[in-house]
Amino acid sequence: MRKKSFIRGISLFLFLCLAMTGTAFAQANSNKAVIHLGGSYNKSLVDDTGAGFFGLDIYVGKMITNELCLGFSIGYDVVVYDTPAEELLKEEPFKEMLGVIPFTLKAKYYLTFSQMVQAYVSAGAGVYRAAPSLGGRPIPSPPEVGTIGSIRGSGNCPGGSIGVGLDYWFLLTTGIGFELEYHMFKVPDGDNFSYVQARVNYCMIKF
């Protein structure tokens, strides 16, 4: 009987310790690292570029204060994936696809609503690698033919992003989040290319 009572007492003590730890640590705050692993749906905002598609992104940052997080993000976002309308009636229609690899430095400013819920605004700047493909065939040389938006070939383009997000820390240092982000970068001929991204994140805090 005493053994069972002792085990119950230890179990209760451990439970209380975990509960208190969860209350103290179940949010991103100063000196902690934050990792977001996200799956997204991306859609170009440029006319005549076709349907959107999915992407994968990762953000790794360090909380400088209880509100400010600085870090970097990288991903692979397919922002166009479509069969051009004029190709649908042909015997061998081809897909047009535009993949974008953003590599940006990003700052997030957090607003804490509770021990488990935090919202943030973000801003980033860096390089966007554009990788267009027309059914695996080379893009034709005339600029008016075979472009995706105004992008004719692969290249590194300067750009940036702004966004808003919400993190819910449901299990100590683990959570889920939702993020809406707007990206824009300048293509080599001087035009701007933009896309919007809705992302679901798996969130982690590291000490």
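The residues of the chain are indexed from 1 along the displayed sequence.
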Query raised in the report: How long is the span from the CZ atom in Arg199 to the CZ atom in Phe178, to the nearest 0.5 Å?
Result: 9.5 Å
Requested in this report: In sequence, state the C-alpha distance, the side-chain angles, and the governing distance for Ser194 and Tyr182, and then conclude on side chain to side chain contact (heavy atoms under 4.5 Å, CB included).
Outcome: CA-CA 7 Å; Ser194 59; Tyr182 170 81; 3.5 Å; yes
Query raised in the report: Would you say the side chains of Thr65 and Ser30 form a donor-acceptor pair under 3.5 Å?
Result: no
Query raised in the report: Is the gap between the ring centers of Tyr109 and Tyr120 under 6.0 Å?
Result: no
Query raised in the report: Are the aromatic rings of His183 and Tyr128 close, with centres under 6.0 Å apart?
Result: yes
Report task. Dump the intermediate steps for side chain to side chain donor-acceptor pair (under 3.5 Å) on Asn66 and Tyr110, then the final yes or no. Result -> CA-CA 8 Å; Asn66 286 340; Tyr110 280 84; over 6 Å; no
Query raised in the report: Salt bridge check: are Lys106 and Glu181 linked by an N-O gap of less than 4.0 Å?
Result: yes
Query - N/O donor-acceptor pair under 3.5 Å between Lys206 side chain and Lys32 backbone - result: no
Requested in this report: Flag the pair Asp77 / Phe54 as yes when at least one side-chain heavy-atom distance between them is below 4.5 Å, and no otherwise.
Outcome: no
Query raised in the report: Would you call Ser40 and Glu179 a side-chain contact if the rule is heavy atoms closer than 4.5 Å?
Result: no
Report task. Give a yes or no on this: more than 12 heavy atoms of other residues, nucleotides or ligands lie within 6.0 Å of atom CE of Met204. Result -> yes
Query raised in the report: Between atom CG of Leu37 and atom OH of Tyr202, what is the distance when rounded to the nearest 0.5 Å?
Result: 8.0 Å
Query raised in the report: Between Gln118 and Glu67, is any pair of side-chain heavy atoms under 4.5 Å apart?
Result: no
Query raised in the report: Is it the case that one hydrophobic cluster holds both Phe185 and Val127, taking links as side-chain heavy atoms less than 4.5 Å apart, direct or via other members?
Result: no
Query raised in the report: Any link between Leu70 and Ile58 through a network of hydrophobic side chains (Ile, Leu, Val, Met, Phe, Trp, Tyr) touching at under 4.5 Å?
Result: no
Report summary line: In terms of heavy-atom contacts, Pro102 and Tyr195 come closest through CG-OH, 4.1 Å
Query raised in the report: To the nearest 0.5 Å, how far apart are OG1 in Thr112 and CG in Asp167?
Result: 10.0 Å
Requested in this report: Identify whether the distance between the nearest side-chain nitrogen and carboxylate oxygen of Lys186 and Asp191 falls below 4.0 Å.
Outcome: no
Report summary line: To the nearest 0.5 Å, atom CE of Met63 lies from atom CG of Leu68 at 7.5 Å
Query raised in the report: Quick one: do Val80 and Leu56 end up in the same hydrophobic cluster if we chain Ile, Leu, Val, Met, Phe, Trp and Tyr together by side-chain heavy atoms under 4.5 Å apart?
Result: no
Query raised in the report: Are Leu180 and Val196 close enough that some pair of their side-chain heavy atoms sits under 4.5 Å apart?
Result: yes
Report summary line: In short, Trp169 meets Gly175 closest at the heavy-atom pair CE3-N, 3.8 Å
Query raised in the report: Do you reckon Tyr59 sits in the same ILVMFWY cluster as Phe103, going by side-chain contacts under 4.5 Å, direct or chained?
Result: no
Query raised in the report: Looking only at heavy atoms, what is the nearest atom pair of Lys62 and Asn31, with distance?
Result: NZ-O, 2.8 Å
Report summary line: Note: Asn192 and Val46 closest approach over all heavy atoms is O-CG2, 4.3 Å
**Report entry** Met116 backbone acceptor or donor facing Ser114 side chain under 3.5 Å
**Finding:** yes
Query raised in the report: Counting N and O atoms only, with roles assigned by atom type, does the side chain of Asn42 sit under 3.5 Å from a partner on the main chain of Gly52, one being a donor and the other an acceptor?
Result: no
**Report entry** Inter-residue atom distance Tyr168.OH - Thr174.OG1, 0.5 Å rounding
**Finding:** 12.5 Å
Query raised in the report: For Val187 and Phe193, which heavy atoms make the closest approach, and how far apart are they?
Result: CG1-CB, 4.1 Å
Requested in this report: May I ask you to check if Lys43 and Phe53 form a cation-pi contact, with NZ or CZ under 6.0 angstrom from the six-membered ring centre and within 45° of the axis?
Outcome: no
Query raised in the report: Measuring from Leu166:CG to Cys203:SG, what's the distance to the nearest 0.5 Å?
Result: 9.0 Å
Report task. Give the minimum heavy-atom separation between Ala119 and Phe113, together with the two atoms involved. Result -> CB-CE1, 3.4 Å
